[in-house]
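Below you'll find the structure, written out as structure tokens, and then a few comments.
Residue numbers start at 1 and run along the sequence shown. Note that the structure is predicted; figures quoted are calculated from it, not measured.
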Amino acid sequence: MPDIAIVPAPRELVVDDGRWITADPATDAVRTVVDNLGETEYRIDVTADGARLSAGSEDALRWADTTYRQLLDAAEPAEDGKVSVPAVRIADAPRFAWRGMMLDVSRHFMPKEFVLKVVDVVALHRMNMLHLHLTDDQGWRVEIEAYPKLTEVGAWRPESMVGRMTHEQAEFDYDGTPHGGFYTKDDLREIVAYAAERGITVVPEIDLPGHMQAAIAAYPELGNHPDQQLGVRKIWGISEDVLNVNDATVEFVRTVLREVLEIFPGPYIHLGGDECPARQWRESEAAQQRQAELGLTEAGQLQGWFTAQVASVLTEQGRRLVGWDEMVETDCPKDAVIMAWRSAQRGEIAAKAGHDVVMTPCESVYFDYYQGDPETEPLAIGGFIPLDKVYDFEVVPAGLTDEEQARIVGAQCNVWTEYMEGPEQVGYMLLPRLSAFSERAWGSPKTPYDEFVSRLRPHLRRIEALGLNYRPLDQ
Ligand code: ACM
């Protein structure tokens, strides 16, 4: 049996006994898009006649190629410069349409070159969505021409807290080191194009109406205390400073979103919606007046109203709103795609409410959680999600009818970067947990964990070849 290590494993892989010898397997392979396969299906047949890659679409042909290149890693040198390639038949298609990863580039700015490498590693795992968390309290990372201070002011903080944040803490230590950075529109267009060439859609997130302290620091009139000058947030956690619900703020956000839509041509735009405290709205005369005008009974309901006001920019251009699962509680549009993060059960609730759902539950696929003993691991936010737990992740929550199950459109792993200062730390937390995640998102057959690890060992060399850091398996 040849040593085949394909990650994520194809749904069906049959290895023939013999071996096929060819002069140059890479150029001898025939690649075709055919109409007798579904759009997401591909086949690879390696026989004595050669290698044939066929697929139902260009995207699926790209997955075929990625798989085939991994198969070629099992080739062995033969005489006269030829290689001996295992003869196989692969029939494959992803189980889920959304196979994503989120990178938080707000808490710590990540250089463009690294984001491109992340695209490479996402493509290596036949995933198709890269969600960029571009804005948060601690930094605004996307150039907006109409409002230059978003990046002139909002992309920089004078220093960051050190140590682990808890909400009970009254005082913090700081590192005294300025941190910041942002992507120009050209940077982002380059990332989008690079990703598109690899079959990956970039989903931008502008997190609102909470997690907006960096924007309020740049334009105090967006906040509920416009007479106070806030700074870009230096500590982690949830800021009480949220957008106000004035008409001018709605217009501001719409203008921002129009520029964002110009940069990102994909069908999905993420408008956050998580962790938005309503305290300032309860205490603000203007917000209370807005609440009364709208006949709302609770200040928290202003979030749904605000989101609907700004989301119309997306609808006008045929784009689809994506939001965190809190949105389900804020009377959001029914066609919003919901990312279930607080628990798998939140996904169940969203699916029952009729939403398409991307499963990204923190208990299974939050890669900012520890993956080993906190005593010996780098500082992390908490939790415990070792590699085998990711491998065991069940994408579809229990308790759904067939119709509701069909609304689980996929899965996503999230990398929040409060405790990751740069590419090296992100690589360590992401890899190889991403590899385990990709098996579940693709729908690879669930094999014993040891079998997965035996494929993962050689697969780590592919990750190394991309120049990415990872956590060694035997650590
Ligand atoms: C989240 O983790 N606040 C979506």
Side-chain angles (χ1 to χ4, degrees), residues 1-34 36-38 40-95 99 120-121 123-127 198-199 391 431-432 434-436 438-466 470 473:
M1 170 90 175
D3 218 3
I4 296 172
I6 298 170
V7 180
R11 309 284 286 278
E12 265 184 67
L13 165 67
V14 180
V15 183
D16 287 352
D17 281 346
R19 290 195 153 203
W20 169 62
I21 300 202
T22 182
D24 188 343
T27 53
D28 285 354
V30 177
R31 293 164 169 82
T32 37
V33 173
V34 294
N36 63 339
L37 287 176
T40 64
E41 290 180 307
Y42 74 86
R43 300 264 188 283
I44 298 175
D45 293 286
V46 181
T47 67
D49 296 332
R52 188 173 179 77
L53 281 57
S54 45
S57 64
E58 288 296 337
D59 272 345
L61 193 59
R62 209 180 276 112
W63 304 328
D65 218 50
T66 304
T67 299
Y68 182 61
R69 276 185 278 122
Q70 295 191 359
L71 178 69
L72 288 181
D73 288 347
E76 287 167 12
E79 67 233 11
D80 302 334
K82 296 175 181 178
V83 289
S84 171
V85 184
V88 298
R89 209 172 61 246
I90 289 172
D92 203 12
R95 180 175 172 204
R99 304 179 304 284
D120 287 336
V121 85
L124 175 71
H125 291 89
R126 305 200 299 280
M127 292 164 58
R198 287 154 184 80
Y391 188 71
L431 298 159
L434 180 80
S435 308
S438 75
E439 297 246 324
R440 299 287 70 78
W442 185 268
S444 304
K446 193 82 165 271
T447 57
Y449 178 65
D450 286 352
E451 185 280 334
F452 167 66
V453 172
S454 71
R455 278 184 289 119
L456 192 52
R457 284 187 195 283
H459 184 68
L460 291 175
R461 289 200 290 275
R462 300 176 184 133
I463 290 169
E464 264 168 38
L466 294 177
Y470 61 91
L473 278 181

Minimal non-hydrogen separation, Ala60 against Glu41, with atom names: CB-O, 3.4 Å
Show me the side-chain donor-acceptor pairs of residues 451-459 shorter than 3.5 Å, one per line, residues at least two apart or across chains.
unit_1: Glu451; atom_1: OE1; unit_2: Thr447; atom_2: OG1; d: 2.6
unit_1: Glu451; atom_1: OE1; unit_2: Arg455; atom_2: NE; d: 3.3
unit_1: Glu451; atom_1: OE1; unit_2: Arg455; atom_2: NH2; d: 3.0
unit_1: Glu451; atom_1: OE2; unit_2: Arg455; atom_2: NE; d: 2.8
unit_1: Ser454; atom_1: OG; unit_2: Glu451; atom_2: O; d: 2.7
unit_1: Arg455; atom_1: NH1; unit_2: Ile6; atom_2: O; d: 2.9
unit_1: Arg455; atom_1: NH1; unit_2: Glu439; atom_2: OE2; d: 2.6
unit_1: Arg455; atom_1: NH2; unit_2: Glu439; atom_2: OE1; d: 3.1
unit_1: Arg455; atom_1: NH2; unit_2: Glu439; atom_2: OE2; d: 3.4
unit_1: Arg457; atom_1: NH1; unit_2: Asp474; atom_2: OD2; d: 3.3
unit_1: Arg457; atom_1: NH2; unit_2: Asp474; atom_2: OD1; d: 3.2
unit_1: His459; atom_1: ND1; unit_2: Arg462; atom_2: NH1; d: 3.0
unit_1: His459; atom_1: NE2; unit_2: His125; atom_2: NE2; d: 2.9

Please report, to 0.1 Å, the donor-acceptor pairs under 3.5 Å made by any side chain of residues 8-15, with sequence neighbours excluded.
unit_1: Arg11; atom_1: NE; unit_2: Gly443; atom_2: O; d: 3.0
unit_1: Arg11; atom_1: NH1; unit_2: Ala93; atom_2: O; d: 2.7

Can you list everything that forms a side-chain hydrogen bond (donor to acceptor under 3.5 Å, both in side chains) with Arg126? Sequence neighbours excluded, please. Thr67, Asp92
Any side-chain heavy-atom pair of Pro86 and Leu71 under 4.5 Å: yes
What pairs meet the salt bridge (charged side-chain N to carboxylate O under 4.0 Å, His left out) rule with one or both residues in residues 62-71, with sequence neighbours excluded? Arg31-Asp65, Asp59-Arg62, Asp65-Arg69
Identify the heavy atoms of Ala123 and Thr66 that sit nearest to each other, and give their distance. O-CG2, 3.9 Å
Please list, chain by chain and in numerical order, all residues satisfying side-chain hydrogen bond (donor to acceptor under 3.5 Å, both in side chains) with Asp120, sequence neighbours excluded. Tyr194, Arg198
Check: Thr32 and Arg52 side chains under 4.5 Å, non-hydrogen atoms: yes
Which atoms form the tightest heavy-atom contact between Pro432 and Leu460, and what is the distance? CB-CD2, 3.9 Å
Side-chain contact test, heavy atoms from C-beta onward, threshold under 4.5 Å: evaluate it for Ile90 versus Tyr68 and give yes or no. no
Does Met127 reach the side chain of Leu434, with side-chain heavy atoms less than 4.5 Å apart? yes
Keeping to residues at least two apart or across chains, list the ring pair (Phe, Tyr, Trp, His ring centres under 6.0 Å) pairs with something in residues 45-64. Trp63-Trp442
Rounded to the nearest 0.5 Å, how far does OG1 of Thr47 lie from CG of Asp45? 7.0 Å
So, taking the atom named CG in Leu124 and the one named OG in Ser438, what distance separates them when rounded to the nearest 0.5 Å? 8.5 Å
I'd like to check Ile463 versus Ser435 (side-chain heavy atoms, cut-off strictly below 4.5 Å). Are they in contact? yes
